[in-house]
Amino acid sequence: MKKKAGPALLNQASVPGRRGYLPPVSDLPPTPEEELIPSSFRRTAPLNLPELSEMDVTRHFTQLSMRSFGVDQGFYPLGSCTMKYNPKLLEDLPTFPGFRDLHPLQDEADIQGALRLIYEAEKIFSAITGMDAFTLQPAAGAHGELTGLLIMKAALRDQGELARDTILIPDSAHGTNPASAALAGFKVQKIPSSAAGIIEPDDLKPYLSPQVAGLMLTNPNTLGLFEEKILTITQMIHDIGGQVYYDGANLNAIMGWARPGDMGFDLVHLNLHKTFATPHGGGGPGSGPLGVKAHLAPYLPVPRVISTPGGFKWSDDAPRTIGKVKGFWGHFAVVIKALAYIYCLGFDGLKQASSDAVLAANYLQTLLKEDYNLPYDRYCMHEFVLSGLKDNPAAIRTLDLAKGLLDYGIHPPTVYFPLIVPEALMIEPTESVTLDLLDSFVAIMKELASQAKTKPEELKEAPHSTPVRRLNEAQAARHPVLKW
Amino acid sequence: MKKKAGPALLNQASVPGRRGYLPPVSDLPPTPEEELIPSSFRRTAPLNLPELSEMDVTRHFTQLSMRSFGVDQGFYPLGSCTMKYNPKLLEDLPTFPGFRDLHPLQDEADIQGALRLIYEAEKIFSAITGMDAFTLQPAAGAHGELTGLLIMKAALRDQGELARDTILIPDSAHGTNPASAALAGFKVQKIPSSAAGIIEPDDLKPYLSPQVAGLMLTNPNTLGLFEEKILTITQMIHDIGGQVYYDGANLNAIMGWARPGDMGFDLVHLNLHKTFATPHGGGGPGSGPLGVKAHLAPYLPVPRVISTPGGFKWSDDAPRTIGKVKGFWGHFAVVIKALAYIYCLGFDGLKQASSDAVLAANYLQTLLKEDYNLPYDRYCMHEFVLSGLKDNPAAIRTLDLAKGLLDYGIHPPTVYFPLIVPEALMIEPTESVTLDLLDSFVAIMKELASQAKTKPEELKEAPHSTPVRRLNEAQAARHPVLKW
Amino acid sequence: MGHPYLPLTDSERRQMAKVIGLQDPSELFQAIPEAIKAQASFELPARNEWEVKKRFSQWAAQNTPVSQVISFLGAGAYEHAIPSALPYLVNRSEFLTAYTPYQPEISQGLLQAFFEYQSLIAELTGMDVANASMYDGPTALAEAVLLALNVSKKKEVIVLSGLNPEAQQVIKTYTAHLPVEIHFLAPQDPGVKAELSSLLSDQTAAVVIQYPDFFGRLRLTSELLSLIKASGALSIVYINDPVCLGLLEPPGAMGADLVVGEAQSLGLPLSFGGPYLGFFAAKKNFLRNMPGRLVGMTTDLDGKEGFVLTLQTREQHIRREKATSNICSNQALCALTATIYLSLLGPTGLKEVALSTVRNSHYLYSQLTRIPAVQGLSPEPFFHEFVVGLPNAAASLVPKMKEKGFLPGYKLPPGQPFSTDAYLLYTSELRTKTEMDRFCEEIERCLQ
Amino acid sequence: MGHPYLPLTDSERRQMAKVIGLQDPSELFQAIPEAIKAQASFELPARNEWEVKKRFSQWAAQNTPVSQVISFLGAGAYEHAIPSALPYLVNRSEFLTAYTPYQPEISQGLLQAFFEYQSLIAELTGMDVANASMYDGPTALAEAVLLALNVSKKKEVIVLSGLNPEAQQVIKTYTAHLPVEIHFLAPQDPGVKAELSSLLSDQTAAVVIQYPDFFGRLRLTSELLSLIKASGALSIVYINDPVCLGLLEPPGAMGADLVVGEAQSLGLPLSFGGPYLGFFAAKKNFLRNMPGRLVGMTTDLDGKEGFVLTLQTREQHIRREKATSNICSNQALCALTATIYLSLLGPTGLKEVALSTVRNSHYLYSQLTRIPAVQGLSPEPFFHEFVVGLPNAAASLVPKMKEKGFLPGYKLPPGQPFSTDAYLLYTSELRTKTEMDRFCEEIERCLQ
Ligand SMILES: Cc1ncc(COP(=O)(O)O)c(C=O)c1O
Ligand SMILES: Cc1ncc(COP(=O)(O)O)c(C=O)c1O
C-alpha cells in the first residue's frame, strides 16, 4: 500500500461511460453522422480520451497542483527569470467579457477598446525603453528576438547588405540569442567577457568586421553586471554600420533608471512575463513585445494600430514590413496584465521596483559571499552569480545545493548558467522580498554550507522531503517515454 | 533551522509601513479628521492590525491552504456531513454582478430576477420534500431547526397550548436538535432507539403525554437506518396533537425516493451545504431553508416573495409570522448554488444521486464489517456506523484509526458520534465516489486493521506525515489562548 | 446515466450491487413504504451547465446591481471596494471545500486562520476574546441578549434607539417566547442619557446600543457605558460596519461588556443580503458563556505550536440542550474573507477607507442641506450615514433619480424617528466629488 | 513608498543598504552613465487597483464581445462553451505562478500534466509523439516547414489552397530570408490531386494541407498523403480546430508525417487573438528534430515513477545556435487548459461538440442557400464552416445584421478563391435552431 501516492495518469483513471462535462448540443433533429460527413472522413478507431467525472478531473489536477511550486508557494530566486510576485488584479482583467470573448477578426467598430489598449501599451513600452515604435505580436522573449533579427535581415536586404551575415553575441548570453540569430539566417560570433564580467571595447574590436550585422546584448548582462562601457560599445557597432539588439530579459534592473534606447540600442524586446509581473504559467504563455528605433519601424510586423480622428484603426500600409510573425495580434490577454501592472506602479513605482530588486540582490551577494565563491566581486544589479562553495572538502556540487534548498521549501536559483561560470548559482531575488525572507534565505544557505561539511552524504542525496527523489534524466533521454 | 515551517502568525510577520492594498479614497480635499469626527469618538490607541504586502498576504493564506484539506483534495467520508463534490459551476453564478452587487434593500423593480430565484427555489424545495411552503431565511441547519421550533411555539401560543412544553428527541439525534429545542424554550425528552437502531412505536408510547409539543427526527436516522415505522410514528404524534419535525441533514439518502411531507412530517429543514452540494467553506456558510405544511405556513418568517401579475413582490402581510430570524433574506448566494445543482441533475439525477450514495454506503458496509464491528447489521441508507475493530488485542481506539487514515491522505469518518454507539466510526461516502476510490478506502481500512495488530504502537502515534502531530486539546481548554 | 456529478457508471453500480448481494441497487430502498415512494416524483428535467448558466444570467440581468448605478444605499449593508487578491485566496479549494476543522492535524491552516480572525476582531473591537463567527449581525446580537439574560438571570433589556431594524426584529423573534421584557427606546433627541437612567434598574439585564447607530449617529460614550455598568446591567454594543473602527474608538476601550455585529463590510459582497458575517466579542469573564466555536493555541506531542477547536463543552455537539447556543455550521469562509481583507488593508488602509466614507458623507450632507427644499436631520456627530428630509418629493423622487442613474438612499419608514419624508444616505469610499455634485444637482431639480 | 507590490519598507531599505556598506541604495546605480540616467524619466502617475480596474472596464465596455451577440464568426478562432471547472483548476497558483519545471522534484504535477498533454495530442492526431506546446498554430506550422526543409535538405514547399491566411503569412515571414521556394497553390476546384502531382518533385521538401481547411472543406485523404509520400516529400497537416478530431479520422491514421495546429478551441477563450496554443505532433523518426520542450517518464533513485524534461539537447539553452528551434517560454498554461478541457469532455463530449457544430453548419447552409439571393459556395464535404456568396449586399450587410444582433461571419477578401462577395460562416455548438432561423430571415430581408 503506497501512502499518499500521486494521482494515476488520466488514462489509468478512466472508466468507460463516465462523463465530466455535458456540453451544450445542437437542438436540431439528430441527422445521422453519415449524412453530414462522408464515412471516408470519419474516425475508424474509437477516440481514446480519458473518461472521468468532474470530481475526478478536479481532484486529479488539484493533486497535481499540490505537487507543483509557484511564486505564491514561496521564495523563487531563479536567476534570469525574474520570478516576482504576480498581483491578483492582473488575473481579473482579461476575464472581462469585453476582452475574453472578443474575436480577433471583429470589425474595428466593435473593438475600439481593445485597439486603444494596444495603442496605449505600445506607447508606454516605448516610454519605458526609449524606443520609437513597438509591436506586441511576439509571443515570448525568444520570439521577440527572432522578430528583431528578421527585421535586421530585412533591412540589410533593402540596403543590399546581405553580406553582413554575422551577429556578435557575448559568451554569457542566454541560449535563445544564438538560436534566434541562427533561425533568422545569421552566423553567430561569440564575444568573450572580460575578467570583470563585462564586454571591454578592446575585446570587441577584433570582431568588428564588414560581416557584422549587429550585436545582441542584455544589460545588465546575465552575470547581473551593468555593461559600463555601453555607450562606447553601441557606438562602435553603429560606426561599422551594425545594429544593436537589447535582450530585455534583464530590464527589471533598470526601469526608470536607464533606457536601452538612450544607451544606443536599436531594437529591444520585453519579457512581459518577467519585468511586468505577468505569471509564468509553468513555462508560458509569455509575451515578448519588440521595440525599435524609427529607422526600423517600417519593418515591424503588420497590422499596426493607428489613431485617427475617426477612432483607432488597423493599418496594413507598410510596404517594408516583415509580415506576420504570429497569428493575429500577439498575446493580448498577457499585454492587459502587464499594462495594468505598469499603471498600478506608475513611474516612481517602476523605478522603486528596480531599485529594490537591485538592493535585494546586493544584500544577498554581500552576505552569501562569505561562504560561496563570488567570481565577480563588485556591486551587482538585479542578480549575481556564485560559483560553488568556498570551503568544499566533500566536493558538494551546485546541483546538491539546489536540491538541498528544496527541503527548505525554497525554489533553487538557476544553476549552471551562465555557462562561463563553473558551478554557477544565479540568484535573482527580485523586488518581491522582505528583509525577513532574505535573512532566512541567507541562514538556509549558510546552513547548507555547513551541512556540506558536516553531512555531505545527506546533501548529495537531497531532496528528502519531495514526492520523488532525484530522477534519472539519462534514462529518460536514452529511452524516451513521451506518452502513455 | 526549521525545515518548511508553517507560516508565522500575521502579527509576527507584520512590518510597519508595509501596504497590502491601496483602497480607492475620497477625492475631496483632505479635511482634517478632527473637523469631521469629534476627538472624543476617535481612536486613542493605534490600531494594531498587521502590515503586509499583497505578496505576504497571498503567501500566508496560500500556505495556510496547503495545511488544510477539502473535498477537492481527497476522499472525505465524514458521516452526517454529506461531503459530496461541489461542482465548480456553482461558484461562478453568485459572482454575476446582477447577484453579487445587489443590495438587499433595493426596490422591487430592481430585483425581479432575485425575487424570481427565491420564488423558484421555494417551489422546488417544496416539490423535493413534499411541503407546502418554504422560507430561505435560516442560515444553517441548526437555524432552520430553531425557526421551526419557534413556529411550533408560536402556533401553540395561538392555540393556548403553551403547556405543551416538551420535544421528544431520539438519543441518536444530532446535538443541534436538543440545543435548538432548548433555545426555543422547550424541554427535551430523550427517546431510546431500539436494538435495531430505530424508533419502535411501543418504545415511543410511554413518552406520549399532554406535555408533548412534538417530535424531532431525521430519517434515515444518524445511524443511517431508515425509520421503517415512520408512518405509525408521525400518526402517533399527530394523534396526541403534536407536530413532527424532520431534520433534513440526511435527505441525501432519499431524494426522489421519498418525501418527508409524505411521511407525515410537518416541518423540514434542508442543509443546502450537505444535500445540494454547496461547499462547506471550512465550517460555513451553510443555508437551512425551512419548509412547513400549510397549517404552519402563516407562521413563516417575513417577508415572503409572492408572484403577482405586476411581477414578484415582497409581502409582509402575515399577522401570525414569528418575525425575522435573520437579517435580510437568508444566504441568497448559497441558495443560488443549490438551485443550480438541482437544475443540473433534474429529478432523475437527484434520485440517482441518492441511489448512488446509498449503494456506496452499503458497498463499504459489506466489505468493512469483516474487520470492524457493525452494531446494526442490516442494509443501511447513505451512511453506517461501525463500532471499533473486531479483533483488537492492542486496544486500538477509533481515534487512532482516524489519525491513521490521515497518513493515507484520507479524511477520517466522523468519530464518537452518534453517542449511543461506543467507539463510533460514522462513514458516509456520498455519491461522489468511484469504485476505485471505494476499493482503495477498503484496502486502507483493512491495512489499518492489520496494523492494529502488527504495529499498534505506530498507529497509536499516528499521524506521522502531517505538519503537526497529535495536539494537546486538554491544555488548550485548561489554558485558553484564543488570540495572539 | 453518465452525469458529471455522478461518477459511478452503470457497470460499477452492477458490480457493487453484486458484492452487496443484490440484483439491483433499488432494493436498498425497500425499507421505505411503497405508498410513500409512489408520491415522491415530480417533474424536473436535467439541464447542462451551459443552459443553467444561461438561465441564471438572465435572472441576474433582471436585477440592477449597485455597481451599475451610483448608489447611496447603505442602511445595514455596505458597498466597499473588494481587493482582487481576496477571492483568489478565499476560493482555494482547501478552504472552500473543507468541513469544520475537527481533525486538527490536517486542518492547521484553517485553524490558524480562525485564530487570526479571533485576534483581529478582538483587536478591532478592543475586547478580550472573540469567537470564530456567528450567522450575521442580528443573530449575533440576539445571542448576546440571550447571554446577558442567562448570565444575569434578570428579565429586562433596554434597546436604545437607532438600532438596525433587522436586528430589532430578530431580537424580538428570539425572545418572544421568553418571560422577559425588551424595551425599545423611542428615539428622543437629545436625552438618551436622561431617559436611559430613568429606565435602568437592578432588573436590567443589558442595554443595547448601536455604534455608529442606524442613522449614522455617534452616541456611544464611556460615560454612557459607566452609567450602564453602575446599574449592574451589561452593555452590548452593536456594530454594523466595523470599517468604522479604523477611525473610531473601540467599544472595548470605553468599557463595553459585549461587542457584536455585522462584518459584511470587511470584504464580503452585498449578495442581496447574504451570506454575511456575524462577529461576537466579549470581556473574558463571559468566555464560557459565549456561543459558537473557538480556536485555541496549543502544542503537539513534540511540543510544536498548533491550533485546535477548544472549549467545545459549551457547544451543542457535547452539551446538547445545555449548550450556550445551538449554532453548528457558522460563517467560517466569511470569517476567512474578513481576515484576508483586514490583512490586505492593514491599519492604514482601513483608516483610509473609514476616513473616505466620512469625508464623503460630510461633504454630501453639507451640499445637500444647502438646497432649500432639503432638511438636514443629522445634527449630532455622524459617521458615514446621515438623514435628510425631502418633503413633497415622496413617491416620484426615487424613480426620477433612478432614471438618472442614482440610488438615492434608503427611505425611512414614516414617523419613527423622523416626521418628514426622511432618507438615510450612505457614502462609500467609491463615491467621487463629481458624482456627489451631480447627485445634488439632480436632487435639486427633482425637488423643484 | 508603501506600495502593495513593493514589500520592502524604507526602514528595511536603509538597513539593507547599511549591510552592503552604502549610504543609499541609489549608489548601486552608479555604473550607469549620468547622461543616460537623466533621460530615463517620463510622466506616469501610480493608480490604485480600483482605478485601474475601472479604466480597463471602460475599455472592455468599448468592445462588443461575441458573447453579447449571435456570432457566426470563426475563420481561425472558435467560440466554444468552456466548462466552469476549467479556470478553477488552471488558475491554481501552483500552476499559474510557476516557472518552467526545471526542478523536477518539486514540479511533478506540472510535468505529469504536460506528459498527459503530449499523450492526448498524440492520441487526438494519431501521431507517435507530441511536444509540450508551441506559441500558436501559425508558428507551429512555420517550424514544421523549417523542420522539413532542414531534415530533407530540399528547397521547395507546396502549400495547398485553403490554408489559414495567418498561417500563410507566418510561413512567408519565417522563410523569407531562406533560399527556398514556397508554392502557395491557387485554389482550383476540383483538381487538387492533379495539380499537386504536377508540382511534386524530388525537390519538394514538404506539402502542407489544412484539415478541415480554412473554408471548412474536407480534402485530406490517405490517397493524397500516399501521393506525397511517394514523391519523397513530407506531409504536414495543419489543424485549426482539433475539436473536429472528435469525429474525423486523425491525420496520423492516414499517414501524415507531421501534424501541427492551433488548439485554441480546446478550452481557451477568444481573448482577441491570444494567448492561444500551438501543438506539434510527429512520427517518431522526427523526434530529435522537433522544436520545443518534451516531458519524459523516468524513475527516481528509489525506482519510483516520475517525470522530467528530456531530450533537452535539441533546445537552445544547451545547443544554442545549433538548436532545433529558439523557443524557450512556450504555452504551458494553455497546454494545461487543453488537457483539462479534454479530460472533462472525454471522447463522448468532444464528439458531441464536433457533431453539434457540423449539424448546425449543415442546417444553416441548407437554409441559407434556399434564399434565392444566396449562393452556396461549399459544394465539397465541409465541416463546421462553409462559404456563401451574398452578392450585391456588400457594404451594408454587416452593419445591418449587427444592428439585429448578428455577426454574420468573415468576409473573405475578394477574388481568391471566390469571385463573389463571399462570407465564411462558422456555427459553434452554441447556436440554436431559433437563432439560425432568425438569422436566415434577417439575411433574406437584408438582401431584398
Ligand atoms: C536573458 C534571457 N534572454 C532571453 C530569454 C528568453 O525569453 P522567453 O523565455 O520569453 O522566450 C530568457 C528567458 O529565460 C532570458 O533569461
Ligand atoms: C443530523 C444533523 N442535524 C443537524 C445538523 C446541523 O446543521 P448545521 O451545521 O447546518 O447547523 C447537522 C450538521 O452536522 C447534522 O448532521
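Owing to the predicted nature of the structure, the values given are computational and were not obtained by experimental measurement. To find a chain, count down the sequence lines: A is the first, B the second, and so on, and within it residues start at 1.
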Between D:Ser93 and A:Gln73, a side-chain donor and acceptor under 3.5 Å: yes
Would you say the side-chain atoms of D:Thr64 and A:Gln106 include a donor-acceptor pair closer than 3.5 Å? no
Relative to chain D, which segment of [X] carries a heavy atom at a distance below 4.5 Å: side chain, backbone, both, or neither?
X        : value
A:Pro467 : both
A:Leu93  : side chain
A:Leu482 : both
A:Leu438 : side chain
A:Leu359 : both
A:Ala258 : both
A:Phe96  : side chain
A:Leu78  : side chain

What class does the angle between the rings of A:Trp329 and D:Phe272 fall in, given that below 30° is parallel, 30 to 60° is tilted and above 60° is perpendicular? tilted
Aromatic ring pairing A:Phe99/D:Phe56, orientation class (parallel under 30°, perpendicular over 60°, tilted between): perpendicular
Can you confirm if the aromatic rings of A:Phe417 and D:His317 lie within a centre distance of less than 6.0 Å? no
Before you tell me yes or no, could you show the steps for A:Ser26 and D:Arg359 under side-chain hydrogen bond (donor to acceptor under 3.5 Å, both in side chains), namely the whole-Å CA-CA distance, both residues' side-chain angles and the distance that decides it to 0.1 Å? CA-CA 7 Å; A:Ser26 171; D:Arg359 199 163 270 156; 5.5 Å; no
Dump the intermediate steps for side-chain hydrogen bond (donor to acceptor under 3.5 Å, both in side chains) on D:Thr97 and A:Asn86, then the final yes or no. CA-CA 7 Å; D:Thr97 70; A:Asn86 312 124; 4.9 Å; no
Show your working on side-chain hydrogen bond (donor to acceptor under 3.5 Å, both in side chains) between D:Glu249 and A:Thr44 and close with a plain yes or no. CA-CA 6 Å; D:Glu249 183 74 341; A:Thr44 42; 2.8 Å; yes
Using a 4.5 angstrom heavy-atom cutoff, name the option from D:Tyr174, D:Tyr88, D:Tyr410, D:Phe307 with the most pairs to chain A. D:Tyr174
Between D:Thr221, D:Asn91, D:Leu110, D:Leu218, which has the largest tally of heavy atom pairs under 4.5 Å with chain A? D:Leu218
Set out, in order, the CA-CA distance, both residues' side-chain angles and the distance that settles side chain to side chain contact (heavy atoms under 4.5 Å, CB included) for D:Glu116 and A:Leu9, then state yes or no. CA-CA 7 Å; D:Glu116 292 172 337; A:Leu9 285 168; 3.6 Å; yes
Search all heavy atoms of A:Thr176 against all heavy atoms of D:Cys328 and return the closest pair with its distance. CG2-CB, 3.6 Å
Considering only heavy atoms, which portion of D:Leu301 lies under 4.5 Å from any heavy atom of chain A: side chain, backbone, both, or neither? both
Contacting region of D:Val129 [heavy-atom separation from chain A under 4.5 Å]: side chain
With heavy-atom distances below 4.5 Å as the criterion, would you say the side chains of D:Leu89 and A:Leu64 are in contact? no
Is it the case that atom NZ in D:Lys351 sees more than 12 heavy atoms from other parts of the structure closer than 6.0 Å? no
Determine, step by step, whether A:His103 and D:Leu407 satisfy the side chain to side chain contact (heavy atoms under 4.5 Å, CB included) criterion, reporting the C-alpha distance in whole Å, the side-chain angles of both residues, the deciding distance to 0.1 Å, and the verdict. CA-CA 11 Å; A:His103 192 289; D:Leu407 270 193; 5.6 Å; no
If you count heavy-atom pairs under 4.5 Å between each of A:Gly185, A:Ala127, A:Gly323 and chain D, which one has the most? A:Ala127
State the NE2-OG distance between A:His331 and D:Ser329, to the nearest 0.5 angstrom. 10.0 Å
